[in-house]
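Below is one structure, written out as structure tokens, with a few remarks after it.
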Amino acid sequence: MSTPTVEQLREQVRAPVLTAGDPGYEEARTVHNGMFDKHPRMIVQAEQVADVIAAVNFARDAGLDLSIKGGGHSAPGFGTNEDGLVIDLSLLRHVHVDPKAQTALAGGGATWGDFNYATHAYGLATTGGVVSTTGIAGLTLGGGIGYLCRGYGMSIDNLRSAEVVTADGKVVTASKDSHPDLYWALRGGGGNFGVVTNFEFQLHPIKDVYVGLFFYELDAARDLFRFYREFIKDAPRAYGCFPAWQIAPPLEFIPANRHGDTFCAAIVHWSGPLDEGEAAMKPFRDLAPVVAEMVGPMPYPALNGAFDPIFPKGIRSYWKGNFVTELTDAAIDAHLNYGPKVPEVSATMHLYPINGACHDVGADDTAFAYRNANFAEVIVAAWQDPAKDAERIQWVRDYYHATAPHSEPGGYINFMADDDQGRIQDNYRGNYQRLVDVKRTYDPDNLFHTNQNIKP
Ligand SMILES: Cc1cc2nc3c(=O)[nH]c(=O)nc-3n(C[C@H](O)[C@H](O)[C@H](O)COP(=O)(O)OP(=O)(O)OC[C@H]3O[C@@H](n4cnc5c(N)ncnc54)[C@H](O)[C@@H]3O)c2cc1C
């Protein structure tokens with residue numbers, strides 16, 4: 001095909017095909033991270049698998065740059081591109097729950113909000129992230145770290161099967177019995193291997209959880225980090241918790257005269273019996289004087305959406321991530337040097353625990369290689385004013401460089417920026433070559449390259 005046209009694509013796809021000037025194009029071309037203001041030549045808003053097949057074939061044969069947009073949350077804006085073709089999956093967001101089997105089948109464009117809404121109606125849930133507008137697709141394909149992962153494993157550990165459109169336009173089901181090599185690679189390997197049109201997840205009986213959000217003065221931060229590293233080692237798996245830095249937003253439970261002040265915080269949840277929830281919060285009340293707290297039971301979807309307002313679509317952002325095996329005193333010193341300088345309400349460092357059920361799976365059982373790591377660190381700044389780009393990025397980089405010597409060489413691909421492609425081998429360490437082999441089998445020409453890329 002010489003110069004591919006939108007008309008040619010429209011002849012092959014029943015779904016809406018948008019180009020500049022069409023209603024809906026502006027919304028479809030943008031992604032969550034406002035730093036990526038790109039203009040694809042064509043956007044296919046896939047409504048069914050056939051649309052995805054046709055779009056993949058068209059992009060491949062026309063030699064167009066191809067991006068897949070699930071929830072559009074990737075920090076490096078992988079869900080859009082300049083002058084290429086985007087397969088936007090935002091219309092493919094069905095979630096069908098089988099309450100008897102405790103499984104759910106969800107479309108590749110569903111968000112965790114869509115997913116939780118559907119499964120909560122049956123008193124069921126599975127591991128997602130900490131923001132409900134994030135896509136199930138990108139989050140799961142990278143691993144899936146969130147509130148429930150100590151108890152139920154990462155999202156990939158709950159992925160039973162995936163329906164995938166591969167680079168040759170074929171549809172395959174990847175599971176332990178079908179295309180096991182692809183199933184292995186999808187669980188941590190990101191969007192490198194094809195377009196996942198359906199995800200089948202294992203669910204668990206989780207309806208309401210007991211939650212505690214505790215704010216402490218900055219001079220309690222050392223106690224908080226030291227307490228956390230010991231406590232989380234053997235804490236019951238019903239616990240999820242992580243330390244954070246937080247500039248106090250104007251919320252009712254925080255004294256009005258402290259709004260805008262910087263605190264260290266613990267975000268705690270208990271997914272065990274609710275009547276044990278209050279006792280489960282006690283260690284966090286006791287570790288240091290609490291300035292403000294919000295504690296009580298809430299539906300799991302409400303917990304999953306609690307941070308949503310801080311990260312609206314279009315906010316500019318920059319991310320860095322590391323895996324951490326031991327949270328040493330020297331590492332804590334580095335946190336204490338940079339965390340209190342957190343520059344925005346929507347900037348923070350979260351140190352998620354990835355022990356518990358995440359360690360039940362071996363380092364080479366899935367593509368996600370860091371099964372011995374105990375923590376996933378993410379440093380993120382999000383801001384509205386483009387004039388602050390350099391300053392905000394610098395804070396993230398400085399913090400990252402201070403903690404990197406106390407961390408593993410690799411990090412979680414979903415917490416990486418666009419300048420992190422050089423870390424790809426470290427992110428997968430012993431699993432990297434096997435990923436390259438699977439890439440060669442399913443995408444030898446690297447059609448799916450708008451991602452943390454595994455080169456064939
Ligand atoms: C506010 C916010 C909070 C977050 N919190 C968490 C968290 O708690 N835990 C966590 O683990 N991560 C978290 N993340 C990171 C998140 O996991 C990644 O940004 C992830 O890539 C987002 O997936 P997405 O589908 O929304 O993004 P997209 O930008 O749409 O996609 C991300 C990548 O996956 C590919 N892709 C998307 N859909 C498909 C598909 N159907 N088939 C194949 N490839 C596809 C894309 O091409 C791209 O390379 C958060 C991100 C944000 C912005």
Side-chain angles (χ1 to χ4, degrees), residues 30-34 36 46 49 52 56 65-81 86-90 92-93 106-114 127-149 154-156 162-167 174 185-186 188-199 240 242 267 303-319 321 346 348 350 352 354 358 368 376 378 380 382 411-418 442-443 447-454:
T30 48
V31 289
H32 193 267
N33 188 345
F36 298 93
V49 177
V52 176
V56 164
D65 208 15
L66 177 63
S67 295
I68 314 302
K69 183 177 173 189
H73 264 217
S74 90
F78 287 142
T80 190
N81 64 36
V86 170
I87 302 179
D88 172 9
L89 298 170
S90 61
L92 211 65
R93 61 201 309 160
T111 64
W112 286 105
D114 300 326
T127 306
V130 303
V131 167
S132 79
T133 51
T134 306
I136 63 162
L139 184 137
T140 300
L141 295 170
I145 293 171
Y147 290 114
L148 300 175
C149 70
M154 292 186 290
S155 305
I156 50 172
E163 179 188 64
V164 190
V165 176
T166 50
L186 289 174
N192 274 283
F193 308 97
V195 186
V196 180
T197 42
N198 272 300
F199 291 82
F242 52 89
I267 294 96
L303 171 63
N304 194 229
F307 285 106
D308 291 4
I310 296 184
F311 298 104
K313 187 179 176 192
I315 198 165
R316 308 170 81 75
S317 66
Y318 186 77
W319 298 57
S346 47
T348 192
H350 287 177
Y352 300 117
I354 49 169
C358 304
F368 186 96
V378 61
V380 56
Y412 176 39
I413 62 159
N414 280 345
F415 294 159
M416 298 258 158
D418 48 338
Y442 290 93
D443 186 17
L447 179 66
F448 302 107
H449 61 271
T450 320
N451 43 44
Q452 295 293 351
N453 196 228
I454 294 161

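Just the heavy atoms: all of them, side chains too, but no hydrogens, waters or symmetry mates, feed the values below. In listed order, ligands and their atoms are each counted from 1.
Asp443 and His449 share no donor-acceptor pair across their side chains, judged by distance under 3.5 Å alone. Ser74 and Lys69 share no donor-acceptor pair across their side chains, judged by distance under 3.5 Å alone. Side chains of Ser132 and Asp308: a donor-acceptor N/O pair is present below 3.5 angstrom, by distance only. For Thr133 and His32, the side-chain atoms include no donor-acceptor pair closer than 3.5 Å.
Here the side chains of Thr111 and Ile136 are not in contact, with every heavy-atom distance at 4.5 Å or above. Within the 4.5 Å cutoff, side-chain heavy atoms of Val131 are placed close to those of His73. Looking only at side-chain heavy atoms (C-beta outward), Phe78 and Ser67 stay at 4.5 Å or farther from each other. Considering only heavy atoms from C-beta on, Tyr318 stays 4.5 Å or farther from Val380 through its side chain. Considering only heavy atoms from C-beta on, Phe193 comes within 4.5 Å of Leu186 through its side chain.
In this structure, atom 17 (O) of ligand 1 lies nearest to the protein heavy atom Asn414 ND2, 3.2 Å. Summary of contacts: the protein heavy atom closest to atom 6 (C) of ligand 1 is Leu139 CD1, 4.0 Å. In terms of protein heavy-atom proximity, atom 24 (P) of ligand 1 is closest to Gly71 N, 3.5 Å. Ranking the protein heavy atoms by distance from atom 29 (O) of ligand 1 puts Ser74 N, 3.0 Å first. Of the protein's non-hydrogen atoms, the one nearest atom 47 (O) of ligand 1 is Ile68 O, 2.9 Å. The shortest contact between atom 28 (P) of ligand 1 and any protein heavy atom is with Gly72 N, 3.5 Å. Closest to atom 38 (N) of ligand 1 among all protein heavy atoms lies Ala137 CB, 3.2 Å. Scanning the protein heavy atoms around atom 50 (C) of ligand 1, the nearest turns out to be Trp319 CH2, 3.6 Å.
Aromatic ring pairs are classed by plane angle as parallel below 30°, tilted from 30° to 60° and perpendicular above 60°; the pair Tyr352 and Phe242 is perpendicular.
In this comparison of Gly70, Gly189, Ser132, Gly135, the heavy atom closest to atom 26 (O) of ligand 1 sits on Gly135. Scanning Ala75, Gly190, Gly194, Gly109 for the heavy atom closest to atom 43 (C) of ligand 1 points to Gly194.
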Asn33 and Phe311: CA distance, side-chain angles, deciding distance, side-chain contact (heavy atoms from CB on, under 4.5 Å) verdict: CA-CA 9 Å; Asn33 188 345; Phe311 298 104; over 6 Å; no
Trace of the side-chain contact (heavy atoms from CB on, under 4.5 Å) decision for Leu89 with Ile68: CA-CA 8 Å; Leu89 298 170; Ile68 314 302; 3.8 Å; yes
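Under a 4.0 Å criterion applied to the non-hydrogen atoms of Val195, ligand 1 contributes the atoms 42 (N), 43 (C). Near Leu141, meaning under 4.0 Å from one of its heavy atoms, ligand 1 places the atoms 42 (N), 43 (C), 44 (N), 45 (C). Close contacts of ligand 1 with Phe311, meaning ligand atoms under 4.0 Å from a residue heavy atom, involve 1 (C). When each atom of ligand 1 is checked for a heavy atom of Val130 under 4.0 Å away, the hits are 7 (C), 8 (O). Close approach of ligand 1 to Phe78 (heavy-atom distance below 4.0 Å) involves ligand atoms 48 (C), 49 (O). Below 4.0 Å from some heavy atom of Gly129 lie the following atoms of ligand 1, by number and element: 7 (C), 8 (O), 9 (N). The ligand atoms of ligand 1 that sit less than 4.0 angstrom from a heavy atom of Asn451 are 49 (O). For ligand 1, the atoms sitting less than 4.0 Å from at least one non-hydrogen atom of Leu89 are 40 (C), 41 (N), numbered in the order shown with element in parentheses.
Between His350 and the options Phe307, Trp319, Tyr147, Tyr412, a ring-ring contact (aromatic ring centres under 6.0 Å, His included) holds for only Phe307. For the side-chain contact (heavy atoms from CB on, under 4.5 Å) criterion with Val164, the lone passing option out of Val195, Thr197, Val196 is Val196.
Using a 4.0 Å heavy-atom cutoff, Phe307 is absent from the residues neighbouring ligand 1. Taking 4.0 Å as the cut-off, Ser67 does not count as a neighbour of ligand 1 on heavy-atom distance. A heavy-atom separation below 4.0 Å is not found between Phe193 and ligand 1. Assignment of Phe448 to the shell around ligand 1 is not supported, since no heavy atom sits closer than 4.0 Å.
Annotation: Ile145 places an N or O atom under 3.5 Å from an N or O atom of ligand 1; distance criterion only. Between Thr134 and ligand 1, no pair of N/O atoms sits closer than 3.5 Å.
Contact annotation: for Thr450 versus ligand 1, heavy atoms closer than 4.0 Å belong to the backbone alone.
No donor-acceptor pair under 3.5 Å is formed between the side chain of Asn453 and the backbone N or O of Thr450.
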